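Provided herewith is a single structure, encoded as structure tokens, for subsequent inquiry.
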Amino acid sequence: MVYDLLVVGAGPYGLSIASHAAAAGLNLRVFGRPMASWRDNMPRGMFLKSEPWASNLSDPAGQWRLDVYCDKHGLTARHATPIPVEAFAEYGLWFARNAVPEVDERTVTRVAAGPGGFTAVTEDGEEVQARTVALAVGVMPFVEVPQALRGLHPALVTHSSHHSDLDRFRDKDVTVIGGGQAALETAALLAEQGTRVRVLARAEQLRWNDVPPPWERPWYQSARSPHSGLGPGWRNWFYAERPNLFRRLPEPTRARIATTALGPAGAWWVRDRVEGVVELLPGHEVTAACAVPGGVRLDMASRTGALRSLETEHVIAATGFRPRCDRLGLLSPELRGTLAALPDGSPQVGRSFESSYPGLFLAGLVTASGFGPAMRFVQGASFTASTLVRGVRRRLGAMPVGGIVPAPVDSSRSESPSPVHR
């Protein structure tokens, strides 16, 4: 059988795409362990930073929302009240059971161009044929660790996303690198379980998000600074609500915004758990690291050029993710090598999330340089799912029997920079 669409990944984006594709009548197959990174790569005790009303997975009828799940399970989904990550993961599983065709939990290990479209290979060797593919692989392929820490043994250095719990660090000395939510909440959890912990950040001072304004407030306050799924203010509203217009901005502008907008900051509800509790070393960057008896020595430089060193038993790099074409390792080298890339190395996508290879669609973080900061959050799943599925239907309509056409349907709206092939 040749499927219309193969969805690779079963996180918020993959499940939302699958729900919209099923409602559109597409013959599809969905692979991946539902909500895997939310279940396996975030320590117990973490909370969702986004507002509950901005954290819905997307189905066409809008009936499988987070607030509906919470109401049915005796939980609170209220503005300015953070949701536990465990509850959000369970919500995703509930969504998968109700809004998505059966999910095949096997891992897809390779996607290659094949007869009539694509051939996907599962972990146990089965080959699946599909006319189009939507990659919704989340963030894990794009883990970023500072150069100075690469090559050290995982017993000494890990990424913040490598931990489903932090129990192994009880009564140890741990240094967390980073100034964003992952770093600060990880540090808070470590301190609360008795770990000696410090945070090392390049920024001169840590940034904290403010408590969001009340949901109901005078009209003039809303007009001046509207609510959005990415925070209050018209700029955030634009990123959250108009990713289709964001894509029309000049590439240098999009690149700058993708790099700087919604930069590293801690949630307001973490601040009291960190300040005065955790040792903070802002304004420092690791220049070198090496294994020493009992742990790691970090050599650091301050913004003024001052040098210092410290020793710690373990380093957790909460240093984010860098979505690049060359990190899409499940694509065959031949297929990956055809992808046009933006200057930051991320894949170029058209208006329907179709890559430069016809029939291959991308979703999530990997599209943030094209569609904006919303793609870094669950907030972006609704726009992505509806837009991508419309693009898949157009692509299927443009395909001749037995093969794909040689150019994307929306090539007239593709990115303006010259392609960089990886």
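Basis for what follows: all heavy atoms, side chains included, without hydrogens, waters or symmetry-related copies. Keep in mind that this is a model prediction, so the values were computed, not measured.
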**Message:** Working note: Phe321 + Val143, criterion side-chain contact (heavy atoms from CB on, under 4.5 Å); need CA distance, chi angles, decisive distance, verdict.
**Reply:** CA-CA 5 Å; Phe321 307 88; Val143 164; 3.8 Å; yes
**Heavy-atom neighbours of Gln63 CD exceed 12 at 6.0 Å** = yes
**Item:** Plane angle bin for Tyr91 and Phe88 - parallel if under 30°, tilted between 30 and 60°, otherwise perpendicular
**Value:** tilted
**Fill in**
When rounded to the nearest 0.5 Å, the distance separating CG of Leu5 from CZ of Arg29 is 12.5 Å
**Asked** Can you find a pair of side-chain heavy atoms, one from Thr259 and one from Asp344, that are under 4.5 Å apart?
**Response** no
**Asked** Taking it one step at a time, do Leu66 and Phe95 satisfy side-chain contact (heavy atoms from CB on, under 4.5 Å)?
**Response** CA-CA 9 Å; Leu66 177 58; Phe95 181 95; over 6 Å; no
**Asked** Are there more than 12 heavy atoms of other residues, nucleotides or ligands under 6.0 Å from atom CZ of Arg33?
**Response** yes
**Message:** Looking at every heavy atom in both Ala54 and Gly229, which two are closest together, and how far apart are they?
**Reply:** CB-CA, 3.5 Å
**Message:** Pairing donors with acceptors under 3.5 angstrom, does anything connect the side chains of Gln221 and Arg224?
**Reply:** no
**Fill in**
In terms of heavy-atom contacts, Ala89 and Arg39 come closest through CB-CG, 3.9 Å
**Request:** Might you point out which heavy atoms bring Gly138 and Leu365 nearest each other, and give the distance in Å?
**Result:** O-CB, 4.5 Å
**Request:** Answer yes or no: is there a donor N or O on one side and an acceptor on the other, between the side chain of His79 and the main chain of Pro213, under 3.5 Å?
**Result:** yes
**Request:** Would you check if the side chain of Arg324 reaches a backbone N or O of Gly345 as a donor-acceptor pair within less than 3.5 Å?
**Result:** no
**Item:** Whether Trp215 and His227 hold their rings parallel, tilted or perpendicular, with breakpoints at 30° and 60°
**Value:** parallel
**Message:** Using only atom types and a distance under 3.5 Å, with no angle test, would you say the side chain of Arg254 pairs donor to acceptor with the backbone of Ser369?
**Reply:** yes
**Prompt:** If every non-hydrogen atom of Cys325 is compared with every non-hydrogen atom of Ala341, which pair is closest and at what distance?
**Reply:** SG-CB, 3.8 Å
**Message:** As a quick check of understanding, evaluate side-chain contact (heavy atoms from CB on, under 4.5 Å) for Arg131 and Arg395, giving each step before the final call.
**Reply:** CA-CA 9 Å; Arg131 301 171 72 193; Arg395 168 55 61 202; over 6 Å; no
**Asked** If you count the non-hydrogen atoms of other residues, nucleotides and ligands that lie under 6.0 Å from CZ in Arg110, is the total more than 12?
**Response** yes
**Request:** Answer yes or no: does atom CZ of Arg376 have more than 12 heavy-atom neighbours from other residues, nucleotides or ligands under 6.0 Å?
**Result:** yes
**Item:** pair Leu339-Leu360: side-chain heavy atoms closer than 4.5 Å
**Value:** yes
**Prompt:** Would you call the rings of Phe353 and Phe371 parallel, tilted or perpendicular if under 30° counts as parallel and over 60° as perpendicular?
**Reply:** parallel
**Heavy-atom side-chain proximity of Val139 to Asn41 below 4.5 angstrom** = no
**No-hydrogen, no-angle side-chain donor-acceptor test under 3.5 Å, Gln193 and Thr195** = yes
**Message:** On a heavy-atom basis, which atom in Gly179 and which in Leu206 lie closest, and how many Å separate them?
**Reply:** CA-CD2, 4.1 Å
**Asked** Okay, side chain of His314, backbone of Gly295: is any donor-acceptor separation there less than 3.5 Å?
**Response** no
**Prompt:** Below 4.5 Å, heavy atoms only, C-beta onward: do Pro347 and Ser355 meet side chain to side chain?
**Reply:** no
**Request:** Please answer whether the main-chain N or O of Ala301 pairs with a side-chain N or O of His284 as donor and acceptor at a distance below 3.5 Å.
**Result:** no
**Message:** Would the distance check show the side chain of Asp59 and the main-chain N or O of Trp64 forming a donor-acceptor pair, the cut-off being under 3.5 Å?
**Reply:** yes
**Message:** Just so I know, are the side chains of Leu152 and Val315 near enough to count as touching, which here means a heavy-atom distance under 4.5 Å?
**Reply:** no
**Prompt:** Thinking salt bridges, do Arg327 and Glu144 make one under a 4.0 Å N-O criterion?
**Reply:** yes
**Asked** Looking at side-chain heavy atoms only, is the closest gap between His73 and Glu90 below 4.5 Å?
**Response** no
**Prompt:** What are the two closest heavy atoms between Trp234 and Ala223, and how far apart are they?
**Reply:** NE1-O, 2.7 Å
**Asked** When rounded to the nearest 0.5 angstrom, what is the spacing between CD in Gln379 and OG in Ser58?
**Response** 10.5 Å
**Request:** Measure the CZ-CG distance between Phe169 and Leu190 for me, rounded to the nearest 0.5 Å.
**Result:** 7.0 Å
**Message:** When you compare the side chain of Phe118 with that of Leu335, does any pair of heavy atoms fall below 4.5 Å?
**Reply:** yes
**Message:** In terms of relative ring orientation, are Phe246 and Tyr239 parallel, tilted or perpendicular, with 30° and 60° separating the classes?
**Reply:** perpendicular
**Message:** Nearest 0.5 angstrom please: Ile17 CD1 to Leu57 CG, how far?
**Reply:** 11.0 Å
**Asked** Under the criterion side-chain contact (heavy atoms from CB on, under 4.5 Å), which of Val157, Thr158, Thr319 is the partner of Leu149?
**Response** Val157
**Message:** If we ignore hydrogens and angles and just use 3.5 Å, is the side chain of Glu185 paired with the main-chain N or O of Val270 as donor and acceptor?
**Reply:** no
**Asked** Is there a donor-acceptor pair closer than 3.5 Å between any side-chain N or O of Asp71 and the backbone N or O of Asp67?
**Response** no
**Item:** Main-chain N/O of Thr387 paired with Arg351 side-chain donor or acceptor, under 3.5 Å
**Value:** no
**Prompt:** Roughly how far, to the nearest 0.5 Å, is OG1 of Thr367 from CE of Met375?
**Reply:** 5.5 Å
**Non-hydrogen side-chain atoms of Pro82 and Lys49 separated by less than 4.5 Å** = no
**Asked** Are more than 12 heavy atoms from other residues, nucleotides or ligands located less than 6.0 Å from atom CZ of Arg198?
**Response** yes
**Asked** Do the charged groups of Asp167 and Arg44 touch, with an N to O distance under 4.0 Å?
**Response** yes
**Asked** Is Arg106 atom CZ crowded by more than 12 heavy atoms from other residues, nucleotides or ligands, each under 6.0 Å away?
**Response** yes
**Request:** Look only at the side chain of Ser55 and the backbone of Glu51, and say whether a donor-acceptor pair between them is shorter than 3.5 Å.
**Result:** yes
**Request:** Dump the intermediate steps for side-chain contact (heavy atoms from CB on, under 4.5 Å) on Val392 and Asp4, then the final yes or no.
**Result:** CA-CA 9 Å; Val392 168; Asp4 291 331; 5.9 Å; no
**Prompt:** Could you state the interatomic distance from CH2 (Trp38) to CG (Leu93), rounded to the nearest 0.5 Å?
**Reply:** 12.5 Å
